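Hydrogens, waters and symmetry mates are skipped; everything else that's a heavy atom, side chains included, is used. Only a predicted model underlies this, so the values are computations on that prediction, with no experimental measurement involved. Within every chain, numbering begins at 1; the chains are lettered A, B, ... in the order of the sequence lines, protein sequences first and strands thereafter.
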Amino acid sequence: MKRRNFVKNIGLASVGSLVLPYILPSGRLFAATGARVANHVVFCLFAGGVRNIEAIQKAEGNLMPNMFPGSEPISSDIIAGIETLPPPVLSTPLLNESTLFKEFRYSQGPPGHFQGHTTAITGHYVTETISFNQPTQYPSIFEYYRKHNSPSQTPLNSWWISNGIGENENLSFSQDGEYGAAYGANFFSPNWVLPYYNFSPIDLCKTYTPNQISKIGGIRNFLNNSFNHKPDPAHQSVKNSVLERDQIQNFVTQLINKQKQGLLSDPWNVGSTMNGDMYNVFFAEKVIQEFNPELLVVNMTDVDICHDNFTGYCNNLRKADYAVGHLWQTIQNTPGMANDTVLIVAPEHGRNLNGNSITDTYGRHGIDHGDETAKEIFCLMAGPAGKIAQNQIISSVKGQSIDIVPTIAKILGFYEDIPSGYLKGIPLNQAFL
Amino acid sequence: MKAKLNILVASVIIIATVTSCKKELPTYGINNEHVNLNSIDKNSLKKQTEFISQAYADLFGKPINSNALEETKVCFNAFSDKEMIEDMIIRDMLRSAKYSIPERIEIESNVDSFTVSVYKRFYHRSPNELELWNIRNIIQTDTSVGPEMIYYAVMTSDEYKFY
C-alpha cells in the first residue's frame with residue numbers, strides 16, 4: 001500500500017512539474033519559446049521611396065553595386081549628375097550573403113513616408129487617418145522585443161536611429177496599454193544634434209563625479225518627495241537607468257568632442273559626397289560599436305528629392321547603397337555582432353510608374369509616390385551562412401511590409417510569445433535555413 | 001536651540017508619517033484637519049519650450065534668444081529619453097552659467113538666505129521650515145556640497161517640471 005502511494009505521489013509530482021508553469025524572475029510565465037536565428041538584428045529602412053525599376057531592374061545602370069552584382073553602366077544622359085564615390089566597400093555584393101525578395105509589397109494604405117515607416121516598424125498597415133503628433137496606435141517592434149524577449153532588455157539594447165525628428169520619434173513606443181513607453185526604444189536623431197546641421201546646443205556639459213552625482217540624487221529625492229504631482233503618464237518618455245543614461249550621455253558627449261576637434265567632418269573619406277543618409281548610418285555604426293544592440297533600426301530619406309530631381313535621386317540611391325555596404329562592413333568588424341547579425345534592408349514604399357511635370361537639369365521628370373507601382377518594393381535579408389539562405393533570389397510576389405516585424409521577432413526568438421491578434425503578418429521563413 | 005529644532009522637525013515627520021497611514025484611527029471627537037506641509041499648487045506640466053526658456057531665464061536672468069531656443073528644442077526632440085536630454089541641457093547651462101552661481105564660501109554664513117533665494121528663483125515660492133532645515137543640514141554637514149549642486153538638483157526635480 002505504501003509503495004503504491006509512493007509511486008502515485010511520484011507520478012503526480014512528475015506530471016505537476018511538467019504542467020505547472022515556471023515563472024521567470026522577469027515576471028514572464030515561460031522562457032521565450034523560439035530558438036534564435038541570430039542575436040542581433042539591424043533593420044535599415046532604405047532611402048525614402050525607392051522604385052524597383054531603378055533598384056532591382058537597374059533601368060539606369062547598377063546604382064547599387066554594394067548590394068547587387070552587375071556592371072551595367074549608368075545612363076549617359078544623367079552621368080554628369082552622379083558624384084564620384086569610392087569603389088564598393090564590400091569585396092562581393094551583399095546579395096552573396098543574402099536572400100532577396102525581389103517582389104516585396106507595401107500592400108495597403110497610402111504610400112507616404114510616415115505611413116511606410118509606421119507599417120514597417122509596427123507590422124500594421126495604416127489605412128485610417130494617422131496622427132503625426134502622438135505615439136503610434138499599435139506596438140512597435142521595439143516594444144515587442146523589450147516585453148517578450150527573455151531575459152527582458154533595457155532600452156540600451158534597442159535603438160531607433162532616425163534621419164528626422166518629429167513624427168519619427170512617435171514610433172519608438174505606442175499608445176497600447178499593454179506596451180508603451182516602458183518598453184520603448186532609445187530614439188536618437190544624431191544629425192540634428194551633431195555635425196550635419198553644424199550646431200550643438202548641448203555643448204560640453206558640466207561633469208560631476210559619481211560621488212557628487214549620488215549626493216545630487218539624494219537632494220533631488222528630498223525635493224521630489226516634497227512635491228505632490230508627478231508627470232502625467234501621457235507625457236512619459238523612454239527611461240534609461242541612471243547607469244545606462246550615464247553611458248549614453250558619455251557616448252554623445254564624446255561624439256560632440258570629436259565634432260569640435262573636426263574628426264567627424266568626413267568620417268568615411270568620401271569628401272563632399274557625405275550626405276545626411278550616410279551620416280545617419282555612420283552614427284548608427286557608432287551605436288553598434290559602442291553598445292552592441294540586439295535590435296537597431298536606422299532609416300535613410302535623401303532619395304526623396306525624386307519629386308523634383310530624378311538625377312539627384314539616382315545619385316542619392318548610390319550613396320544609400322554605399323552606406324549599406326559600409327554598415328555591413330562595420331557589423332562584420334564589430335566583436336559581438338560579427339557573424340551573429342541579420343541585416344534587413346527594405347524601402348518603406350516605392351514610387352509611381354510615371355513621372356510628374358517637373359524636370360531636372362538633365363531633362364528627367366520627377367517621380368512622386370501614390371499609385372500602385374509605389375507599392376512595389378524589395379526586401380534583402382543578409383546574415384550568417386547556415387542561418388540565412390545565401391545568394392537566394394525569390395522572384396515571385398512574396399512577402400510584404402507587415403512581415404518584417406514578425407520576421408525580426410522570429411530571428412530574436414520571441415515571435416511565439418507575442419499575443420495572438422497583435423500581428424497580421426508572418427515571418428519571411430523562406431530566408432531561413 | 002538647534003537640538004530643540006531637530007526634535008520639532010522629527011516630531012513633524014513622525015506625525016506626518018503616522019497620519020498618512022490609511023488605517024482608520026479614532027478621532028476622539030476632534031475634527032479632522034488637513035495639514036499642508038507646504039502650499040505647492042503646481043499641476044501644469046511645462047511644455048518643452050516653456051521648460052527651456054524658463055530654465056535659461058532663471059539661470060542667466062535674461063530671456064533666451066529665439067535661435068538658441070529653437071536649437072535647444074530641436075536637440076530636445078532628438079532623443080526619446082527626455083529626462084536624459086533635459087539633464088544634458090541643464091548641465092550645459094550650468095557650465096555656461098558658472099560665473100553667475102555663488103561659491104560655497106559665499107553662502108556658508110547664511111545658508112537659509114541662500115535656500116530662500118534658490119526656492120524663489122527656481123520654484124517661485126518660499127521654502128517651508130522642513131525644506132529650510134533639510135537644505136541647511138545638507139550644506140552644513142557635507143562640505144563637498146555647493147550651490148551649483150543644489151541648483152542642479154532643483155532644476156532636475158519634479159517640481160521644476162511644473163508651473
Self-check item: Audit row: B/Leu94, A/Tyr208, side chain to side chain contact (heavy atoms under 4.5 Å, CB included) steps and yes/no
Solution: CA-CA 12 Å; B/Leu94 287 170; A/Tyr208 298 96; 3.6 Å; yes

Practice problem: Quick one: do B/Ser144 and A/Lys215 satisfy side chain to side chain contact (heavy atoms under 4.5 Å, CB included)? Show the steps, please. | Solution: CA-CA 9 Å; B/Ser144 69; A/Lys215 288 174 180 174; 2.6 Å; yes

Practice problem: Examine whether an atom of A/Ala181 lies under 4.5 Å from a heavy atom of chain B, and if so say whether it belongs to the side chain, the backbone or both; otherwise answer neither. | Solution: neither

Practice problem: Taking only Lys NZ, Arg NE, NH1 and NH2, and the carboxylate oxygens of Asp or Glu, determine whether B/Asp81 and A/Lys239 approach each other closer than 4.0 Å. | Solution: no

Self-check item: Interatomic spacing from CE in B/Met88 to CD1 in A/Ile256 - rounded to 0.5 Å
Solution: 5.0 Å

Quiz prompt | Greatest number of heavy atom pairs closer than 4.5 Å to chain B - which of A/Val238, A/Asn186, A/Asn168 | solution = A/Val238

Quiz item: How close do A/Ile165 and B/Asn77 get, heavy atom to heavy atom, and via which atoms?
Solution: CG2-O, 3.7 Å

Practice problem: Validate the cation-pi geometry between A/Arg220 and B/Tyr152: distance from NZ or CZ to the six-membered ring centre under 6.0 Å, angle to the ring axis within 45°. | Solution: yes

Quiz prompt | B/Ser80 side chain vs A/Ser172 backbone, donor-acceptor pair below 3.5 Å | solution = no

Quiz item: Ignoring hydrogens and geometry, is there a side-chain-to-backbone donor-acceptor pair from B/Glu159 to A/Asn224 under 3.5 Å?
Solution: no

Quiz item: For the ring pair A/Phe187 and B/Phe79, is the centre-to-centre distance below 6.0 Å?
Solution: no

Quiz item: Above 12 or not: heavy atoms from other molecules or residues under 6.0 Å from CD of B/Glu108?
Solution: yes

Quiz item: Out of curiosity, A/Ile216 CD1 to B/Thr156 OG1, how far, rounded to the nearest 0.5 Å?
Solution: 7.5 Å

Exercise. Flag yes if more than 12 heavy atoms outside A/Glu178 fall under 6.0 Å of its CD atom; otherwise flag no.
Key: no

Quiz prompt | Proximity breakdown for A/Glu169 and chain B, heavy-atom pairs closer than 4.5 Å | solution = side chain

Exercise. Enter the distance from A/Ile219:CD1 to B/Ile135:CD1 here, rounded to the nearest 0.5 Å.
Key: 6.5 Å

Quiz item: If you draw a 6.0 Å radius around NZ in B/Lys46, do more than 12 non-hydrogen atoms from other residues or ligands fall strictly inside?
Solution: yes

Quiz prompt | Side chain / backbone / both / neither for B/Tyr160 at chain A, heavy atoms under 4.5 Å | solution = neither

Practice problem: Pick whichever of B/Ser96, B/Ala78, B/Ala153, B/Ser157 has the most heavy-atom pairs under 4.5 Å with chain A. | Solution: B/Ala78

Quiz prompt | Spatial distance of atom OG (A/Ser226) from atom CD (B/Glu131) [nearest 0.5 Å] | solution = 4.5 Å

Exercise. Over all heavy atoms of both residues, which pair between A/Gln249 and B/Met84 is shortest? Give the atoms and the distance, please.
Key: NE2-O, 3.2 Å

Self-check item: Spacing of B/Asp142 atom CG and A/Asn211 atom CG [to the nearest 0.5 Å]
Solution: 8.0 Å

Self-check item: Distance-minimising heavy-atom pair for B/Leu130 and A/Phe222
Solution: O-CZ, 4.1 Å

Quiz item: Between B/Tyr119 and A/Leu223, does a side chain to side chain contact (heavy atoms under 4.5 Å, CB included) hold up when you go through it step by step?
Solution: CA-CA 11 Å; B/Tyr119 270 71; A/Leu223 297 170; 3.2 Å; yes

